[in-house]
Amino acid sequence: MVSTLILLFSTLIFLSTPPPSLAADPDPLQDFCIADLQAPTTVNGFPCKPSPNVTSNDFFFNGLARGGDTGSSPFGSSVVLGNVLAFPALNTLGISMNRVDIAPGGINPPHSHPRATEAGVVVQGRLLVGLISTSNVLYAKNLTAGEMFVIPRGLVHFQMNVGEEKALIYTAFNSHLPGAVVVSPTLFGARPSVPNDVLTKTFQVDQSVVDQIKSKFD
Ligand code: GLV
Ligand code: MN
């Protein structure tokens, strides 16, 4: 009898736990919830601005109309974020977008999004778009205007401008705050700094190499 109850209980727990492959931002329980970004506490999203204070302007965002300055980045690229922090109406809706501008020869460097799958469309230019699976296989292709790509959640990926003109991509995510872990500044520019011993051992190089790379991310 006791073992039947334990089996029943374990089955119920198993069935009520979504498998990781189905994990995404939770569904909203209301029409909208314009984020109150000043709220003192947040739990898995932001509290809603009171409905009487919501206006048409809350639902529109022109932040992706212009690109950032690709010249001020060592990577020759600029990512303008259209997530919940920039566009509070996305709060709880499970979607967001970015605008990525890349100068000729520039790169949106290898990074991953811990909370979202990414879909992108090339609007201008010619790009090498690549992603690396957890089996360490690189999948990459040159894309031009109108072509799309998808980056499964959490996988490391990059876009490099391999054309003569500037490149422009719009990307979309199934999270209102996908997050981004950019590999090189994460490891070499974290504060406090990742200990040198960790990096020399990890990359199988001398201290001087680690110092040189760290100096690029000061
Ligand atoms: C592109 O990879 C982006 O994260 O916007
Ligand atoms: Mn990305």
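Along the sequence shown, residues carry numbers from 1. Remember, it's 1-based here, ligands and their atoms both numbered in the order they're listed.
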What atoms of ligand 1 come closer than 4.0 angstrom to any heavy atom of [X]?
| X | result |
| --- | --- |
| F173 | 3 (C), 4 (O), 5 (O) |
| Q159 | 1 (C), 2 (O) |
| V100 | 5 (O) |
| N98 | 3 (C), 4 (O), 5 (O) |
| E118 | 1 (C), 2 (O), 3 (C), 4 (O) |
| H157 | 2 (O) |

Taking every non-hydrogen atom, the tightest pair across N174 and T117: OD1-N, 2.8 Å
Side chain, backbone, both or neither: the part of N108 lying under 4.0 Å from ligand 1 by heavy atom: side chain
F149 and ligand 1 - part of the residue with a heavy-atom distance under 4.0 Å: neither
Non-hydrogen side-chain atoms of F149 and L127 separated by less than 4.5 Å: no
Close side-chain approach of F158 to P110, heavy-atom, < 4.5 Å: yes
Angle, NE2 of H113 through the Mn ion (ligand 2) to NE2 of H157 - 10° precision: 110°
Taking atom 4 (O) of ligand 1 as the reference point, the nearest protein heavy atom with its distance: H113 NE2, 2.9 Å
Closest protein heavy atom to atom 5 (O) of ligand 1, given as residue, atom name and distance to 0.1 Å: T171 OG1, 2.8 Å
Plane angle bin for F173 and H113 - parallel if under 30°, tilted between 30 and 60°, otherwise perpendicular: perpendicular
Parallel, tilted or perpendicular: rings of F87 and F61 (30°, 60°): parallel
Heavy atom of F158, distance to ligand 1 below 4.0 Å: no
Heavy atom of R99, distance to ligand 1 below 4.0 Å: no
Expected output: side-chain T144 to main-chain R126 donor-acceptor under 3.5 Å: no
Heavy-atom donor-acceptor pair, N161 side chain to E165 backbone, under 3.5 Å: yes
Neighbour count above 12 (heavy atom, 6.0 Å) for N44 CG: no
Within 6.0 angstrom of D69 CG, more than 12 heavy atoms from elsewhere: yes
